[in-house]
Amino acid sequence: MSADHGPSLNHTDARSPGQGLVTGLRGVGKTVLLNRFSEIAEQQEWIVVEGEVTKNTNFTALLLRLTRRALLTLDAPSRWSGFGKKCAAALRGLTLNASVDGTMGISWAGFPDPEPGIADSGDLTMDMTDVIVTLGQAAAERGRGVIFLLDELQFAPAEPLGAFITALHKVVQRRLPVTCVGAGLPMLPELAGEAKSYAERLFTNSLIGPLAPSEAEYAITKPAHERGVNYEPAAVQHMINFTEGYPFFLQVFGSIVWSTAQGSDLVTADDVQRAEAIVRDELDTSFFKARVGGVTDAQRRYLRALAEAGEAEVPTGDVAATLGLRSSTQTGTVREALIRRGLVYSPRLGYTAFTVPQFGDYMRRHFQLEPHEPTRRPRNRRQPPAA
């Protein structure tokens with residue numbers, strides 16, 4: 001999926017557009033693509049609601065807040081039709097039954113009271129489906145569409161994510177104009193599939209990677225050329241080699257080179273080489289260091305052992321062996337914690353890889369390889385002999 005070939009967003013078309021996932025490592029431009037989708041949708045007069053999920057997000061509350069915003073954008077409460085009022089009542093019903101009213105912290109002025117039988121079953125999946133389907137019905141009645149753009153979706157808990165997927169599936173079946181594009185790390189499709197088995201069929205997954213050399217060269221030279229500055233071919237190649245084509249790294253390198261070579265209409269290989277140390281320090285400080293902050297000693301040792309193999313995906317047994325352990329089961333808890341933090345993922349069964357490009361190089365440069373620290377058992381104190 002590209003920014004120019006996203007889901008159909010013709011607001012006069014009553015068919016339900018496709019649902020999409022955009023996945024990839026950190027720094028490849030997933031959020032940029034979501035912003036582009038937002039622009040396309042707004043040009044087609046669709047209603048765009050955007051949210052970012054974190055490890056601490058109440059995902060149900062976030063979805064209800066976004067649905068409320070979409071409904072209020074669709075029309076003022078005083079002009080709601082039957083479907084608009086039904087959606088509003090469903091929102092109130094699910095809010096009360098899911099006990100998220102305090103989490104949302106918003107006013108319900110103008111919203112009707114819950115209606116018996118709508119989003120009041122206490123079953124999150126059924127009630128979420130009522131909410132999203134009634135939103136789609138209200139949007140279709142107005143000849144509009146609604147698109148949910150959700151970033152960092154891999155942090156959504158399984159139960160509410162599954163409920164939302166079920167609701168989207170029902171929207172597709174009823175051909176209602178509601179769609180969702182979620183962005184996240186490479187494990188997102190697997191997590192969606194675990195939440196609901198048919199997620200694989202529901203979502204189109206687009207894996208985003210680094211730029212090809214020709215694309216990276218274009219990204220480096222075109223903005224500079226538009227301002228009357230050119231690059232030596234060797235300078236461009238050096239930047240591509242250093243960044244490996246990852247868009248965020250290219251952006252940082254380009255910005256620093258532009259500043260250090262300011263005043264010249266030709267960026268040379270010497271300019272790029274002088275800037276490299278500054279670029280590395282900037283990435284270490286702003287991109288890598290924050291991701292190590294807060295990890296436990298055991299998690300840091302695991303990351304460093306994983307880095308010993310480079311940047312490739314590594315068998316979990318090899319990581320354990322590097323730590324001086326006999327089995328990967330001894331590191332299972334640590335690995336799962338790092339997956340939940342979004343620092344590593346499982347590209348395939350029995351393997352582990354970093355979610356951050358060049359993170360292995362950072363770990364090797366800044367941390368010593370330490371063996372596993374065994375758990376110390378308290379010594380049994382000898383009891384004094386009986387009298």
Which residues share a side-chain hydrogen bond (donor to acceptor under 3.5 Å, both in side chains) with [X], sequence neighbours left out:
{"X": "Tyr198", "answer": "Thr166"}
{"X": "Asn241", "answer": "Gln237"}
{"X": "Thr31", "answer": "Asp151"}
{"X": "Glu50", "answer": "none"}

Going by atom type alone, with no hydrogens or angles, which donor-acceptor pairs under 3.5 Å involve a side-chain atom of residues 252-259 and a protein atom two or more places apart or on another chain?
| unit_1 | atom_1 | unit_2 | atom_2 | d |
| --- | --- | --- | --- | --- |
| Ser259 | OG | Ser255 | O | 3.2 |

inquiry  = Checking Arg227 now: which residues fulfil salt bridge (Lys or Arg N to Asp or Glu O under 4.0 Å) with it, not counting sequence neighbours?
reply    =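 None.
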
ask   = With sequence neighbours excluded, what pairs up with Arg274 under the salt bridge (Lys or Arg N to Asp or Glu O under 4.0 Å) test?
value =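 Per chain and number, Arg274 pairs via salt bridge (Lys or Arg N to Asp or Glu O under 4.0 Å) with Asp271.
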
inquiry  = Enumerate the salt bridge (Lys or Arg N to Asp or Glu O under 4.0 Å) contacts for residues 206-226, please, sequence neighbours excluded, ordered by first and then second residue.
reply    =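 Pairs touching residues 206-226 that pass the test: Lys222-Glu226.
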
Please output the side-chain donor-acceptor pairs of residues 181-197 that fall under 3.5 Å, not counting sequence neighbours, one pair per line with the distance.
none

Using atom types as modelled, flag every donor-acceptor pair under 3.5 Å from a side chain in residues 315-325 to any protein atom, sequence neighbours excluded.
| unit_1 | atom_1 | unit_2 | atom_2 | d |
| --- | --- | --- | --- | --- |
| Thr316 | OG1 | Gly350 | O | 3.4 |
| Thr322 | OG1 | Asp318 | O | 2.9 |

Check: residues 110-118 side-chain donor-acceptor pairs under 3.5 Å, at least two apart:
none

key: Non-neighbouring partners of Arg300 that pass side chain to side chain contact (heavy atoms under 4.5 Å, CB included), sequence neighbours left out   =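 Partners of Arg300 under the side chain to side chain contact (heavy atoms under 4.5 Å, CB included) test: Val295, Asp297, Met363, Phe367, Glu370.
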
